[in-house]
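First up is the structure itself, then whatever we jot down about it.
Everything numeric here is computed off the predicted structure, so don't read it as measured data.
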Amino acid sequence: MRRLFPSPDPDQRTDRGAWSLDALAEAYAYPAHGGPWLRANMVGSLDGAAHHGGRSQPLSSAADMRVFGVLRALADVVVVGAETVRREGYRPVRRRAAFAAQREAAGQGPAAAVAVVSASLDLDWSLPLFTEAWAPTLVLTGAGAPEERLRAARKAGVEVVRAGEGEGVDPSRVPAALAGRGLTRLLTEGGPRLLGQFATAGVLDELCLTVSPRVVAGTAARVMNGPEVTVPADFSLEAVLEEDGFLFTRYAKIRTVTE
């Protein structure tokens with residue numbers, strides 16, 4: 001892996017060219033301001049597809065999975081949409097021995113929790129995501145969620161977090177709802193619909209986008225798939241890494257004086 005921007009630093013590479021986990025963790029460190037910071041991590045093809053055959057794995061690579069693992073190791077919570085949980089077969093975030101001391105020093109648990117965004121709560125509570133997690137899995141839903149499904153979730157030991165007054169979740173309320181539980185380092189892995197909602201609500205702070213050197217054509221959704229924003233939001237390029245033709249970009253939202 002090599003840094004293309006802001007400037008190459010050969011001291012951060014091993015003899016084989018692969019960055020150490022510590023170097024990647026430093027490159028992707030969260031801001032130190034202490035408030036909630038919502039980071040997205042997505043992979044997209046050269047022609048803009050967010051998946052192939054309904055899954056993101058065909059667009060990924062070994063280097064992409066290293067970055068994926070590091071971003072999870074740095075986060076307090078991974079926020080994901082219910083459809084992505086069903087389609088990708090989501091499992092709990094695993095403990096990583098290489099980050100155990102760092103997480104303990106930062107006051108974090110052994111592994112990031114997962115927060116599933118779901119209006120209907122149509123989820124299988126017997127899945128490992130809900131029964132085998134190091135940190136209890138959360139479900140974000142609205143005040144109008146079906147009462148019988150709320151009871152089933154709570155019976156399964158799932159913590160339900162209200163983040164909306166209607167049937168669905170208000171994406172603008174998600175960062176504060178999680179920060180209220182001490183979860184400020186937020187990572188969302190989509191899917192495209194959820195990520196589009198966060199972007200439209202103006203709460204997406206950072207986008208880590210892997211550009212895969214693959215073309216898939218077809219009708220797959222873009223990395224963000226949702227209502228058009230009134231005014232395009234500007235993001236600044238923070239870093240670009242490269243390995244085997246994959247580009248690992250990191251963009252941060254440019255804040256206005258009113259934000």
Show which side-chain atoms of residues 114-126 pair as donor or acceptor with protein atoms under 3.5 Å away, not counting sequence neighbours.
unit_1: S118; atom_1: OG; unit_2: L121; atom_2: N; d: 2.8
unit_1: S120; atom_1: OG; unit_2: D122; atom_2: N; d: 3.2
unit_1: D124; atom_1: OD1; unit_2: S126; atom_2: N; d: 3.0
unit_1: D124; atom_1: OD1; unit_2: S126; atom_2: OG; d: 2.6
unit_1: D124; atom_1: OD2; unit_2: S126; atom_2: OG; d: 3.4

Taking side-chain hydrogen bond (donor to acceptor under 3.5 Å, both in side chains) as the definition, give me every residue that meets it alongside Y90, ordered by chain and number, with sequence neighbours left out. E189
Which atoms form the tightest heavy-atom contact between A50 and S56, and what is the distance? O-CB, 4.0 Å
Not counting sequence neighbours, which residues clear side-chain hydrogen bond (donor to acceptor under 3.5 Å, both in side chains) with E242? List them please. R2
Heavy atoms only: give me the nearest A29-R39 pair and the separation to one decimal. O-NH2, 3.6 Å
Tell me whether E132 is salt-bridged to R94, with the criterion being a basic N under 4.0 Å from an acidic carboxylate O. no
Exercise: identify the closest heavy-atom pair between F248 and A63: CZ-CB, 3.7 Å
Of all pairs that satisfy ring-ring contact (aromatic ring centres under 6.0 Å, His included), the ones with a partner from residues 40-70, not counting sequence neighbours: none
Between E159 and R181, is there a salt bridge with N-O shorter than 4.0 Å? yes
In this structure, CG of L59 is separated from OG1 of T210 (nearest 0.5 Å) by 10.0 Å
Donor-acceptor pair, T131 side chain versus L127 backbone, under 3.5 Å? yes
Minimum heavy-atom distance G69-R96, with the two atoms named: C-NH1, 3.0 Å
Backbone N/O of K253 and side chain of E206: donor-acceptor pair under 3.5 Å: no
Side chain proximity check, P110 to R103, heavy atoms < 4.5 angstrom: no
Check: S172 main-chain N/O paired with D170 side-chain donor or acceptor under 3.5 Å: yes
So which heavy atom on A145 is nearest to which on L150, and how close? O-CD1, 3.8 Å
Which side-chain N or O atoms in residues 225-240 pair as donor and acceptor under 3.5 Å with protein atoms at least two apart or in another chain?
unit_1: S236; atom_1: OG; unit_2: E238; atom_2: OE2; d: 2.6
unit_1: S236; atom_1: OG; unit_2: A252; atom_2: O; d: 3.4

Mind jotting down which residue pairs meet the salt bridge (Lys or Arg N to Asp or Glu O under 4.0 Å) criterion with at least one end in residues 73-87? Sequence neighbours excluded, please. D76-R185, E83-R86
Counting N and O atoms only, with roles assigned by atom type, does the side chain of D47 sit under 3.5 Å from a partner on the main chain of V216, one being a donor and the other an acceptor? yes
Look at the rings of W37 and H33 and say which category their plane angle falls in: under 30° parallel, 30 to 60° tilted, over 60° perpendicular. tilted
Determine yes or no for a side-chain-to-main-chain donor-acceptor pair under 3.5 angstrom, with W19 supplying the side chain and M1 the backbone. yes
Does any N or O in the side chain of S212 come within less than 3.5 Å of the main-chain N or O of S45, such that one atom is a donor and the other an acceptor? no
Under 3.5 Å, side chain of R91 to main-chain N/O of P128, donor-acceptor pair present? no
Donor-acceptor check, side chain of T249 to backbone of L209, threshold 3.5 angstrom: yes or no? yes
